[in-house]
Amino acid sequence: MRVAFSYLDRQFTEVEAIIADIRGLVASGDYTLGAALSQFEERVAKLVGVRHAIGVNSGTDALMLALQASGVGPGDEVLMAPNTFIATLGAIVATGARPVFVDVDEQHTLDPARLPAAITARTRAIVPVHLWGNPADMHAIGAIAERHRLAVVEDACQALTAAIDGRAVGGFGDAGAFSLHPLKPLNVWGDGGVIVTDSDALAAQVRLRRNHGLRNRDTVELFGVNSRLDTLQAIVGNHLIDRVTAITDKRIEHARRLDAGLAPLREFVRTAPRRQGVRHVYQIYVVRARQRDQLQRFLVERGVEAKIHYPVPLHLQPASRALGYARGDFPACETEADEILTLPAHQDLTEAELDYVVEQVGRFYRR
Amino acid sequence: MRLSVPFVALDVQQRLLKPELMAAVEAVLDGGQFILGQEVADFEKSFAALAGCPAAVGIASGTCALVLSLRALGIGQGDEVITPANSFVASAAGVALTGARPVFVDVREDLNIDPALIEPAITPRTRAIIPVHLTGRPAAMDRIGEIATRRGLAVVEDAAQAVGARFAGRPIGSFGEIGCFSLHPLKNLGACGDAGVVTVRDESLARALRNARNHGLRDRDTCEAWSYNCRLDTLQAAILNVKLRHLERWTIAKRRIAARYRDALAGVVGVPDERPDEFGVYQTFVVRAERRDDLQRYLAQRGVDSRIHYPLPLHLQEAARPLGYRKGDFPVTERLATEILSLPIYPELADAQAEAVIAGVTSFYAGRG
């Protein structure tokens, strides 16, 4: 049996309706900041439960623009955990600010208890990442941010429809950033991203900055980037947005099945403790495994596409050399990097495929 | 009968191409490779050939192309980059976004950077020159190249408006270390959304730019230098591959309209000439007109749509305030800003429409305006 990590080929069963809309757009030529984009932005805002959503070119740009619109720039420090995808860090560096790492807790997300020690006079913002779709502890992080007057920009790129006590992530901080990359539950057919915020002022700043800093056709208020979500991609988003909750529900169901199946193996593989009231949407399903590399090889040989997200923590990347960190600085991240393994859990897998994954993991440890 | 002449008519071109474009879109869907798929590599290969360069790298936009190019050349905080005062904002923003300082230089009557004014603007902090081939007309690349070589500066061509243009027989984009092209929908070669591409003469620079557009990733797990996500979408590359097949025909059509305007309007308004070395592609056809605003209104009343590129020079923009420039610093740019008017020009412009434009301009100055 082959259990694929990616599911794109199974997704496009209703392609015709999307193509029909694109056909209309192609004839109109309204490609930039068109009507379909405004409509998409309204829908995303409603889904997250915030006042504004602004479509941009990618999740990375969403983070960068949200930080800039929050006043982050050269000379500032921004706090984040080093166990995420490199885009989080790239976005901070792009603003001219300096990333300052803080280790994670047992949920693999930013540890609020370690935050205060990292705060200096130059700290301007915190970027909690809802890693793998698992919400960071926004109540605790929000309280610290408020006490120290720091901006909070949520990296919710993997976490659309994730929630804490019924409140969607992305809406906790000053702004939230989502990715619409093809492998996300709400995706477009290329790169794309969205910023959400309740602040009218921040939304206006982001709109300005995504479009060359142009206040109108001829007046440039500030030097901004060009980072508009294509109208064409917004059309795709409009068709898929209604399905995102069903998709994440399905992923949660699959994760529970894997949790239950793997429970008897907990001396070999374990997951982060599952929390009441927290909606983890399982962008990816990650376990910590003994003999991780051997297990991965074993699974791959048997058709299960197991992957590692991510094998090298950010502070140990060549690009981080200038930041001056060393191995040993963030023990929780470093340990987990050697143990984590991503198992397929996406919405289009069958129960038989999920059970096959569990069976193969069991077979590996009981050899 | 009054004939309407819109400034852009993208819908006409798109209707003609729709079957081809939709086939390309559906092929991408069938492949499912939305990020850096085969169509991107195919487009890069064709575009490199068009620009006479060994390599091209697809980027999310022309602006991003400039930012990544300057960064790839190591330009940033503390550096200065020379660029004309008369351009679209992205030329200056591209510099400012790297942390470097844009240093403006005045232009000639041809709207392009005046090579004679470049050297006085060079300081010990100057790292590069960004000539803009504004309106699709090549800048004086012989003299600019000579200055850059002699003073040890990099040249990054802002060819956002100049796909297919040539100088002394050589394609624009092949003169500088890097050529930056915008493929915005309104460009001579335009995607169905934002898009851009850079052309590079040096393979190691091409490699650096390929990493830089993709988070700085050398491979899936290794990040060499923090960077952006600035990839050309596969979908847009597929669309561009279709359009590339028509580019030469479109360029010929635009040049024919430009010649017609030039012949009919010379002596009525200032028309762009074409020196023997130049092969312009007329992204816009910009005339210099007395009583410009009145002319524009008059044309609008007759159904002829026109635009101004650009009414406010870069050094007088709010965003440029920290740079400390003032009115009077760039007299040619400032005067041109009050005289320039862009007339409708696109491959699908009908003969009768071109005639209506010419008739509008001539009758205005014949005293009927």
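Chain letters run A, B, ... following the sequence lines, proteins first, then strands; residues in each count from 1.
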Q: Mind listing the closest non-hydrogen atom pair of V26(A) and Q14(B) along with its distance?
A: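 Closest heavy-atom pair between V26(A) and Q14(B): O-CB, 2.8 Å.
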Q: Determine the sole option in T60(A), N57(A), I86(A) for which the side-chain contact (heavy atoms from CB on, under 4.5 Å) test with N229(B) is passed.
A: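 With N229(B) as partner, T60(A), N57(A), I86(A) yield a single side-chain contact (heavy atoms from CB on, under 4.5 Å), made by T60(A).
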Q: Taking side chain as everything from C-beta outward and backbone as N, CA, C, O, which of these in R321(A) sits under 4.5 Å from a heavy atom of chain B? Side chain, backbone, both or neither.
A: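 Neither part; nothing is under 4.5 Å.
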Q: Over 60° means perpendicular and under 30° means parallel, so tell me whether W189(A) and F34(B) are parallel, tilted or perpendicular.
A: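 Because their plane-to-plane angle is under 30°, the rings of W189(A) and F34(B) count as parallel.
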Q: Looking at every non-hydrogen atom in both residues, tell me the closest pair between G193(B) and D230(A) and how far apart they are.
A: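 Reported closest heavy-atom pair: CA-OD1, 3.3 Å.
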Q: Identify which part of A195(B) has an atom lying under 4.5 Å from any heavy atom of chain A, answering side chain, backbone, both or neither.
A: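 For A195(B), no heavy atom lies under 4.5 Å from chain A.
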Q: What part of S320(A) is in contact with chain B, defined as an atom under 4.5 angstrom from a non-hydrogen atom: side chain, backbone, both or neither?
A: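 Looking at S320(A), backbone and side chain both touch chain B.
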Q: Relative to chain B, which segment of V93(A) carries a heavy atom at a distance below 4.5 Å: side chain, backbone, both, or neither?
A: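 Contact with chain B involves the side chain of V93(A) alone.
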Q: F223(A) and A319(B): which non-hydrogen atoms are nearest, and at how many Å?
A: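 Shortest heavy-atom contact: CE1-O, 3.5 Å.
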Q: V220(A) and Q317(B): which non-hydrogen atoms are nearest, and at how many Å?
A: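 Looking at all heavy atoms of both residues, the closest pair is N-OE1, 2.6 Å.
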Q: Is C192(B) close to chain A through its backbone or its side chain, or both, or neither, when contacts mean heavy atoms under 4.5 Å?
A: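 Both backbone and side chain of C192(B) come within 4.5 Å of chain A.
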Q: Going by atom type alone, with no hydrogens or angles, which donor-acceptor pairs under 3.5 Å involve a side-chain atom of residues 20-31 of chain B and a protein atom two or more places apart or on another chain?
A:
{"residue": "E20(B)", "atom": "OE1", "partner": "R245(B)", "partner atom": "NH2", "Å": "3.1"}
{"residue": "E20(B)", "atom": "OE1", "partner": "H246(B)", "partner atom": "NE2", "Å": "3.2"}
{"residue": "E20(B)", "atom": "OE2", "partner": "H246(B)", "partner atom": "NE2", "Å": "3.1"}

Q: Go through the atoms of S227(B) and report whether side chain, backbone, both or neither lie under 4.5 Å from a heavy atom of chain A.
A: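 It is the backbone, since no side chain atom gets that close.
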Q: Mind listing the closest non-hydrogen atom pair of A93(B) and G224(A) along with its distance?
A: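 Scanning both residues, the minimum pair turns out to be CB-O, 3.8 Å.
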Q: What do the steps show when you test W226(B) against L314(A) for side chain to side chain contact (heavy atoms under 4.5 Å, CB included), and what is the final call?
A: CA-CA 10 Å; W226(B) 306 116; L314(A) 296 182; 4.1 Å; yes
Q: Could you walk me through whether Q233(A) and D233(B) pass the side chain to side chain donor-acceptor pair (under 3.5 Å) test, one step at a time?
A: CA-CA 10 Å; Q233(A) 302 294 8; D233(B) 279 342; 3.2 Å; yes
Q: Heavy-atom pairs under 4.5 Å with chain B are the metric here; pick the option from L229(A), V188(A), I92(A), I308(A) that has the most.
A: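 Heavy-atom pair counts peak at I308(A).
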Q: Taking side chain as everything from C-beta outward and backbone as N, CA, C, O, which of these in R220(B) sits under 4.5 Å from a heavy atom of chain A? Side chain, backbone, both or neither.
A: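 It is the side chain, since no backbone atom gets that close.
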Q: Does any heavy atom of chain A fall under 4.5 Å from the side chain of D11(B), the backbone, both, or neither of them?
A: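 For D11(B), the contact with chain A is made by backbone and side chain together.
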Q: Taking the ring centre of each residue, are H184(B) and Y31(A) less than 6.0 Å apart?
A: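 No: the rings miss the under 6.0 Å criterion.
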Q: N226(A), T219(A), L222(A), L214(A): which one forms the most heavy-atom pairs within less than 4.5 Å of chain B?
A: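 Max contact count across the listed options: N226(A).
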Q: Does any heavy atom of chain A fall under 4.5 Å from the side chain of I308(B), the backbone, both, or neither of them?
A: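 Just the backbone, heavy atoms under 4.5 Å.
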Q: Is it the case that Q317(A) and D221(B) place a side-chain donor and acceptor less than 3.5 Å from each other?
A: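 Result is no, nothing qualifies.
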Q: Taking every non-hydrogen pair under 4.5 Å, which of S227(A), A322(A), P311(A), G29(A) racks up the most with chain B?
A: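 Going by pairs under 4.5 Å, I would pick P311(A).
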Q: By a 4.5 Å heavy-atom criterion (distance strictly below it), what part of Q236(B) contacts chain A: side chain, backbone, both, or neither?
A: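 Contact with chain A involves the side chain of Q236(B) alone.
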